K.L.:
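Once you've had a glance at the structure underneath, I'll fire off some questions.
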There are 2 protein chains.
Amino acid sequence: MDLAEKLIRTKGYNAFSYKDISVPLQIKNAAVHYHFPKKSDLGEEIILKTRNAFKKKYIEWEQCLPKEKLKNFIALYEKNQSLNLVCLVGALGSSYESLPDNMQTSLTKMSEEIRGWMQDVLKEGLKKKEFNFTETADEKTDVVIAALLSSLILDKVIQKNILKSVKASILKSI
Amino acid sequence: MDLAEKLIRTKGYNAFSYKDISVPLQIKNAAVHYHFPKKSDLGEEIILKTRNAFKKKYIEWEQCLPKEKLKNFIALYEKNQSLNLVCLVGALGSSYESLPDNMQTSLTKMSEEIRGWMQDVLKEGLKKKEFNFTETADEKTDVVIAALLSSLILDKVIQKNILKSVKASILKSI
DNA sequence: AAATATACTTACTAATAAGTAAGCAAACAA
DNA sequence: TTGTTTGCTTACTTATTAGTAAGTATATTT
């Protein structure tokens, strides 16, 4: 699953095959099919795994102040950047129409959960006067999650540290 | 080319084949190969076409004030949204590693051009006191282009009007 | 009028893809 | 100790993919 996830997040879901997993692991193609009968089963499991990992994180951060939560969230992207990986939503979402139904559904649910969490963080920060941006929390949420998502893509394409700028801009404007 | 572009921007480069072009056009597979011997030739041509279209646009906007230029740029994304298409950089960039060399190169060049243009617009707006954000123009550039890019992806995944929020947030914070 | 270029079609090839059915060895449970 | 489950392998099938070689009809140029 780790290998498959890395492949999805560098080459995309449609550009990797079970051979890309079986060869490095020195097993046969059919062994992969034993664990994940269909490629979409593997794809869905990876989404669920990522979603659970995020859930674990934000439970861990529950006692943090909003600004700290936001910084922790950005740190997740910095981790991805250091591993040269785009985020899963970006990797899969850009070819949403080509995804099997079960993957579309679980990707949508995960994305909604992340967005909902960020809305809560920004609202809490506004209430606690830790933040004082002029937009509504919902509007700000969408710029923040959108900008972070793309920054990992643009990092690769432009080969500049886009995430660094995005982080600076978010923290200054919040 | 229009058909191929649409396929790339809905399903991704690796999820479409020449059959997806030849069948609707009622021609044979080999006819497509006659015009674009390799799939990567077609891919590159689409990038160059998009780049030229953008160049034409920003030359058209040369006399506009910075804020107007920014609004025109956002309107490009609104157009894409209405057609249910993600932008080309998002569609291709998220699977950058899987792209043929010639496509990587031309995608990078186009993205740099867009980013450079936006940097100029924001610097000009700052100088003319039309904008007064606290970040540097270079930092703000990266949030703006990143947020717009993702908004079209997230629109599909979350099925909410993310671009609308992003637009509102950008215009309020600038 | 002859030569040539254009835009295909027909008919393939070689490679790779996802997926399956049947068999087998080792671990484990009754 | 016998039976069953687990985790594979072997050996396929079927479909699709990118790409090509050779031929053909229609224009266009010389």
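Order of the sequence lines fixes the chain letters, A, B, ..., with proteins taken first and strands second; residue numbering starts at 1 for each chain. The structure displayed is predicted, hence computed values, not measured ones.
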K.L.:
Check this for me: A:Lys127, atom NZ, are more than 12 non-hydrogen atoms of other residues, nucleotides or ligands nearer than 6.0 Å?
P.N.:
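Counting other residues, nucleotides and ligands, NZ of A:Lys127 stays at 12 neighbours or fewer.
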K.L.:
Charged N to carboxylate O under 4.0 angstrom, A:Glu60 versus A:Lys56?
P.N.:
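Result for this pair is no, no salt bridge flagged.
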K.L.:
When you check the side-chain N and O atoms of A:Asn84 and B:Glu97, is any donor under 3.5 Å from an acceptor?
P.N.:
no
K.L.:
Any donor-acceptor pair under 3.5 Å linking the side chain of A:Glu139 with the backbone of A:Thr136?
P.N.:
yes
K.L.:
Between A:Glu135 and A:Lys140, is there a salt bridge with N-O shorter than 4.0 Å?
P.N.:
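Yes, A:Lys140 and A:Glu135 are salt-bridged.
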K.L.:
Please say whether the positively charged group of B:Lys39, taken as NZ for Lys or CZ for Arg, lies over the ring of B:Phe16, i.e. under 6.0 angstrom from the six-membered ring centre and within 45 degrees of the axis.
P.N.:
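Pair B:Lys39/B:Phe16 counts as cation-pi.
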K.L.:
What one-letter contact string describes nucleotides 13-24 of chain C from 5' to 3', where B marks a base within less than 4.0 Å of any protein heavy atom, S marks contact via sugar-phosphate atoms alone, and - marks no contact?
P.N.:
----SSBB----
K.L.:
Looking at B:Lys123, I want to see if its NZ is surrounded by more than 12 non-hydrogen atoms of other residues, nucleotides or ligands under 6.0 Å.
P.N.:
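Yes, NZ of B:Lys123 has more than 12 neighbouring heavy atoms, counting only those of other groups under 6.0 Å.
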K.L.:
Reading DNA chain D 5' to 3', which nucleotide is the first, and which the last, to come under 4.0 Å of any heavy atom in chain A?
P.N.:
D:dT6 to D:dT10
